[in-house]
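In listed order, ligands and their atoms are each counted from 1.
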Amino acid sequence: MILAGTDTSAGTLEWAMSNLLNHPEVLKKAKTEIDEKIGLDRLIEEQDIVKLPYLQNIMSETLRLYPVAPMLLPHLASEDCMVAGYDVPRGAILLVNVWAIHRDPDMWEEPEKFKPERFEKEGEDKKLMSFGIGRRACPGSGLAQRLVTLALGSLVQCFEWERV
Ligand code: HEM
């Protein structure tokens, strides 16, 4: 549980910061959103996250391009079954290449581009699989999303960042 929750969250935060440093226009937009919605007199808190859609979109775009578990965890078929027309025998191990799915040009416009604005489109976030899907999906996804978004927002709010 400690391993599943710490390295994953830290890695995602690191990717998010790296994306912001490489896209100063996105960083500027995130800072403006925080300054306008939170003000300059207090620190960002967890309850503020709902008021910061652009910051949430940065998180989604980071999770899309850099899923920390790019192949999820191996899944084992407990029974013979058929998935999308393919026979999957009992005992087969299935790996899901989320990294490739998240960069599939049939599913995403300009998939290689870091563009948080894409998530302004209704339902776009439903295509993300960074936490897996179904009953073995990550049980910590809600916590992780709040925690990493808050940490990212705090870093953006409290420091001036630039690439050197
Ligand atoms: C950005 C942060 C995180 C990401 C991207 C992430 C992603 C994932 C993924 C992809 C899986 C496997 C799902 C599958 O194979 O279908 C998983 C499983 C799991 N995660 Fe997370 N996770 C994160 C944070 C956390 C946190 C904060 C916790 C707990 C505090 C946590 C606890 C777990 C546990 C216990 C499992 C195993 C679930 C099972 O096998 O049924 N994760 N996570």
Side-chain angles (χ1 to χ4, degrees), residues 1-23 26-27 30 33-34 43-104 107-108 111-120 123-159 161:
M1 182 68 95
I2 290 174
L3 276 183
T6 47
D7 248 20
T8 46
S9 304
T12 303
L13 179 60
E14 227 171 292
W15 275 118
M17 273 316 298
S18 157
N19 285 324
L20 290 185
L21 287 170
N22 285 314
H23 298 85
V26 175
L27 174 60
E33 181 184 63
I34 292 174
L43 293 175
I44 178 175
E45 292 169 11
E46 192 190 320
Q47 306 89 278
D48 295 318
I49 292 171
V50 285
K51 295 183 246 161
L52 302 167
Y54 193 66
L55 189 68
Q56 291 179 52
N57 291 345
I58 292 171
M59 279 303 305
S60 297
E61 186 67 334
T62 301
L63 287 164
R64 182 183 73 84
L65 281 171
Y66 305 99
V68 288
M71 305 288 274
L72 300 183
L73 293 178
H75 289 252
L76 185 132
S78 49
E79 298 296 337
D80 291 347
C81 59
M82 189 176 264
V83 179
Y86 292 94
D87 284 319
V88 181
R90 180 169 183 257
I93 291 180
L94 181 83
L95 295 172
V96 180
N97 191 343
V98 165
W99 191 91
I101 294 170
H102 281 181
R103 289 165 186 252
D104 182 349
M107 288 184 69
W108 306 90
E112 300 294 330
K113 229 177 173 178
F114 180 75
K115 203 169 70 175
E117 287 77 8
R118 72 174 76 246
F119 288 99
E120 283 161 13
E124 209 65 355
D125 57 338
K126 305 278 182 299
K127 288 165 28 184
L128 288 177
M129 296 172 67
S130 340
F131 293 98
I133 284 183
R135 63 180 168 173
R136 294 308 293 266
C138 175
S141 65
L143 170 67
Q145 265 161 303
R146 280 194 293 275
L147 187 107
V148 181
T149 310
L150 178 61
L152 183 67
S154 306
L155 290 173
V156 171
Q157 186 189 36
C158 298
F159 300 95
W161 294 92

| query | Rounded to the nearest 0.5 Å, how far does OG of Ser130 lie from CD of Gln145? | reply |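 Spacing of CD (Gln145) from OG (Ser130) equals 7.5 Å.
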Could you pull out all donor-acceptor pairs under 3.5 Å where a side-chain atom in residues 65-89 meets a protein atom, sequence neighbours excluded?
| from | atom 1 | to | atom 2 | distance (Å) |
| --- | --- | --- | --- | --- |
| His75 | NE2 | Leu73 | O | 3.4 |
| Asp80 | OD1 | Arg90 | N | 2.7 |

| message | Check this for me, if you would: do Glu124 and Arg118 make a salt bridge, where the nitrogen-to-carboxylate-oxygen distance has to be below 4.0 angstrom? | response |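 No.
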| message | Give the residues near ligand 1 by chain and number, with the criterion being a heavy-atom distance under 4.0 Å. | response |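 Those residues closer than 4.0 Å to ligand 1 by some heavy atom are Met1, Ala4, Gly5, Thr8, Ser9, Thr12, Val68, Ala69, Leu72, Leu73, His75, Ser130, Phe131, Gly132, Arg136, Cys138, Pro139, Gly140, Leu143, Ala144.
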| task | Applying side-chain hydrogen bond (donor to acceptor under 3.5 Å, both in side chains), run through Tyr54 and Glu117 and close with a yes or a no. | result | CA-CA 8 Å; Tyr54 193 66; Glu117 287 77 8; 2.8 Å; yes
| query | Of all heavy-atom pairs between Glu61 and Phe119, which one has the smallest distance, and what is that distance? | reply |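 That closest heavy-atom pairing would be OE1-CE1, 3.3 Å.
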| query | Counting distance only, does the side-chain N/O of Arg64 pair as donor-acceptor with the main-chain N or O of Pro111 below 3.5 Å? | reply |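 Such a contact is found between Arg64 side chain and Pro111 backbone.
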